[in-house]
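Below is one structure, written out as structure tokens; comments come after it.
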Amino acid sequence: MYSWCGRSILRQLLPAARSSYRVPLAPRFATKTLCRYYSTDGESSNYILNSELRAKAQALKIEYKQLSESLVNGYDDAKMRQHAKLESLINYADEYEKLSAEVNDLQELSTATDEDSLQLRDDALLEMEEIKQQMASFRTKIERLLIPSHPFAHYPCIMEFRPGIGGSEAAIFTKDLLEMYQNYCQAKKWKYSILEYNPSGDGSGILEGILVIEEPGSYERLRFEGGVHRVQRIPDTETKGRMHTSTTAIVVMPQLDAGDENSNESERSFAPGEVRVDIMRARGAGGQHVNTTDSAVRLTHIPTGIVVAIQDARSQHKNKAKAYMILRGRLAEKEYNEKVAEERKARTSQVTSTDRSDKLRTYNYPQNRVTDHRCGFTMHDLSGCMDGSALDTLLDKVQEWATNEEVKNLQFQ
Amino acid sequence: MRILPAVKILARRESPYLPLLLPTLRDIDSARRELRWIAEHFHDRAADGLAVETNSQQKIKLKSSLYRKIWKACFLRGYKGVPLQYILGSQPFGDSLDIICRPGVLIPRWETEEWGVKIARGIRQYHPFFNAEENLSSQIIFNILDLCTGTGCIALLFAEQLKTNKNVLITGIDISQKAFTVARDNRKANDHVLGTNLSVLFKVGDIFTRDLSSMSNIDIIVSNPPYVSEENYYSWTHTERSVRNYEPRLALIGGVEFYKRIFEIATTTNAKAVVCEISDGQQYRDILDANCVDSSLWCSGSMYDEAGVVRTIVSWRRDAEDEWGWLQNLIS
Ligand SMILES: C[S@@+](CC[C@H](N)C(=O)[O-])C[C@H]1O[C@@H](n2cnc3c(N)ncnc32)[C@H](O)[C@@H]1O
């Protein structure tokens, strides 16, 4: 029906019917933030389904009917799944239309101005609020089914952390962020490991860290975390009480040979000569003459110039396998982004750009707040965010924003 | 090479243990890395005790003993130049092995791991025995002989890489009783690579005298025999001091005579392929010049390691081209 390729990088990934994985949604948080959203912003329209999507859903009824008929003639696994998917889509769409009609009715009542209808009007407004919330939930469900999924949606992921501007403060913040995602994984009971950990000179921060998350689908959940994160706080060492601003760059990429760094699948996916391998040259003649522990490996992908260096494990063999795994993830990410960018350029439609050099979030310690600049969402629970327990609230908001962007960029054939 | 005073000061500021490591490791990055490995190793071992201990007095005691251990390890490593693998007691090897290392037995090298993985994966992928469609009758066994097995790392690496439902027997032989004990312990510590159809046996024996004619159907001989010449052994530009001081002479000093003998054994045991680690390109030529390999019977070539040094001699019988011809793609 749809091909996923390159509509937009901002893509809400649907929990594909073929995989058992579901995007971890925390409804508790979702409703909480929803309420807040309403209370602060009366103009909220997040219950409104994009009109094109709405039309599409209706149009798919025909396909659904045809599919039902063809299934009578014989069982087909793929068709069956598509059928089930369409069925729930159509159910949601019908529910949505029904609610939408109700809202229209109520709308009339709610605009009544004569004295007699005042009580009625208040009731109508209350009722509408409730229905809109229901509609918002159907809207999400419909979008999930209609918006093509990201090709790597169900993969586990790798996150790389590097300090940006801000010297040793940046290194400390980089370590804090790495710990934040570790905490998040723990809270989610996701398996993870630290693949590379390169402490800064005084040990208070890190110069590089790589977190490998084994949970399938974690890529989908965390991929919008890639970019520049900014912190504003007063360092412990600051005598004049001045606030410092520093940044950390995070790269999120899919882990393509899932969970098994032992399989040399990553290595095999490169043509001979495509990757240059450099190792720490031991002194002397090597072999039996030398027993140093130099195990660092550096890979250079010749066509793109991407360099991956890993030195964390005591075994060169393992460092190499890890480096290949990361290289493959980076390339997949790069290729995908380029494809998206190219197709976007080919279209004239106005698209919000996500420049990677833009900061995507600010962590402000004195004010105990986190602000995501893409969706404009602010959370006054910095400690909850850093210990991983409240991060989901933020991620939900970001995902919502990403979906909106996605819908904006969606083209219909 | 002198250690810069600035590096020393930096190291001391960072951790009291770091300067201990510098005399051997020289640069601060290596020292930092090894310190982390050492600290993690002893921490992991003490973690259980620390976790269950509730008495704070006892806890402090445990902690200080932990710090003493780390201090001592750094001292041995940095000031005495003891190989890290002897201090930590092991070296990770292959995809999943942890090879026990004890003084008196040579520490496995990355070069060995590298060629071992290449050859074993090649066998798994291209040798007809592992790719035949029909289930080979239980009589047929793939036989691997690992001469001069030391810790048994090569034998266990092949076991790890070749574990399938097919019958595989790997035999490792070493002259040293100490090596035999460590190899046996390694088999036990890594028994996840053994299987109902896969066995690894270790034997004590001198390859020059032991009668191996009872083994008559070897598929491949692999070996990392002692190959350091007497001259290179005492030359500090060739052989690290730590190697000379802490690793056994018996495991290191050797030369062409070993390769000659290995190919003799290959003939008596009907071996179809031989892969041996060598010192360098010169040794490869020496081996051929000494007529260790009868070129009317064997195809031979050499394989480089990742550091760009000629590291292995790879040979297979001309009459076993069907099974082993793929080795051609690995040699240069
Ligand atoms: C370089 S070590 C190799 C050990 C192990 N295969 C490895 O790759 O780490 C050589 C081994 O050969 C053994 N060795 C020396 N002379 C031998 C002989 N004549 N017969 C059998 N083994 C011998 C030594 O005890 C030593 O363990």
Side-chain angles (χ1 to χ4, degrees), chain A residues 168 193-194 196-209 257 260-268 272 275-299 309-325, chain B residues 10 13-15 24-25 28-30 32-34 36-37 83-86 88 90-97 106-107 109-114 116-117 121 160 224 226-228 232-233 235-240 242-244 246-247 251-254 277-280 305-309 311:
Chain A
S168 62
S193 58
I194 301 286
E196 181 84 358
Y197 190 91
N198 188 356
S200 60
D202 58 2
S204 62
I206 55 173
L207 300 176
E208 189 187 15
D257 37 353
D260 190 8
E261 73 186 40
N262 297 340
S263 84
N264 57 339
E265 195 194 309
S266 287
E267 188 173 343
R268 271 202 302 264
V275 178
R276 195 180 73 220
V277 183
D278 291 306
I279 55 158
M280 278 281 209
R281 276 271 214 156
R283 290 179 291 270
Q288 292 168 14
H289 307 89
V290 172
N291 66 12
T292 48
T293 54
D294 291 333
S295 55
V297 174
R298 193 179 62 201
L299 301 183
I310 298 289
Q311 53 169 23
D312 213 53
R314 279 167 62 205
S315 142
Q316 194 171 92
H317 174 72
K318 289 211 171 75
N319 282 340
K320 200 157 100 185
K322 288 172 177 180
Y324 269 112
M325 180 175 93
Chain B
L10 216 79
R13 262 232 312 250
E14 194 175 321
S15 153
T24 296
L25 294 177
I28 192 143
D29 280 334
S30 313
R32 219 182 257 147
R33 209 161 44 235
E34 289 208 4
R36 192 156 68 78
W37 290 331
L84 184 70
Q85 295 88 339
Y86 287 154
L88 303 186
S90 73
Q91 169 66 32
F93 206 69
D95 292 334
S96 66
L97 301 167
L106 190 100
I107 296 161
R109 306 293 202 256
W110 67 264
E111 290 95 336
T112 311
E113 178 184 47
E114 187 191 283
V117 168
R121 285 188 179 159
E160 173 196 68
N224 177 15
Y227 57 61
V228 179
N232 285 348
Y233 183 78
S235 138
W236 67 270
T237 52
H238 273 85
T239 306
E240 269 190 333
S242 159
V243 172
R244 224 172 10 246
Y246 294 98
E247 296 195 271
L252 293 160
I253 297 186
E277 187 168 320
I278 55 179
S279 173
D280 50 23
D305 66 18
E306 207 77 82
V309 179
R311 188 53 70 205

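In what follows, chains carry the letters A, B, and so on, assigned in the order in which the sequence lines appear, proteins first and then strands, with residues in each chain numbered from 1.
For Ala296(A), no part lies near chain B; criterion is any non-hydrogen pair under 4.5 Å. Residue Asp312(A) touches chain B through both its backbone and its side chain, counting heavy-atom pairs closer than 4.5 Å. For Glu306(B), the parts lying near chain A are the backbone and the side chain together; criterion is any non-hydrogen pair under 4.5 Å. With a threshold of 4.5 angstrom between heavy atoms, Ile107(B) approaches chain A through side-chain atoms but not through N, CA, C or O. When heavy atoms are compared at a cutoff of 4.5 Å, Arg244(B) does not approach chain A at all. Looking at Asn224(B), both its backbone and its side chain come within 4.5 Å of chain A, counting heavy atoms on both sides. Contacts between Leu88(B) and chain A at a heavy-atom distance below 4.5 Å involve the side chain alone, from C-beta outward. Interface remark: Ser295(A) contributes side-chain atoms only to the contact with chain B (heavy atom separation under 4.5 Å). In this structure, chain A has no heavy atom under 4.5 Å from any part of Tyr246(B).
Scanning both residues, Ser315(A) and Gln91(B), for their nearest heavy atoms gives CA-NE2, 4.2 Å. The minimum heavy-atom distance linking His289(A) with Ser279(B) is given by the pair CE1-OG, 3.4 Å. Closest non-hydrogen pair, Gln311(A) versus Trp37(B), comes out as O-CZ2, 3.9 Å. Taking every heavy atom of both residues into account, Asp294(A) and Arg33(B) meet most closely at OD1-NH2, 4.1 Å. Nearest heavy-atom pair across His317(A) and Asp95(B) is NE2-OD1, 2.8 Å. Nearest heavy-atom pair across Gln288(A) and Val243(B) is O-CG1, 3.6 Å.
Trp110(B) places no side-chain N or O within 3.5 Å of a backbone atom of Thr293(A) that could act as its donor or acceptor partner. Arg314(A) contributes a side-chain N or O that, together with a main-chain N or O of Ser90(B), makes up a donor-acceptor pair within less than 3.5 Å.
Open room surrounds CZ on Arg298(A); 12 or fewer heavy atoms of other groups in view lie less than 6.0 Å from it.
Residues forming a side-chain contact (heavy atoms from CB on, under 4.5 Å) with Ile253(B) (at least two apart in sequence, or on another chain): Glu230(B), Tyr233(B), Arg249(B).
Here the straight-line distance linking atom CD of Gln316(A) with atom CZ of Phe93(B) works out to 11.5 Å at 0.5 Å rounding.
In this structure, a donor-acceptor pair under 3.5 Å is absent between the side chains of Asn291(A) and Gln85(B).
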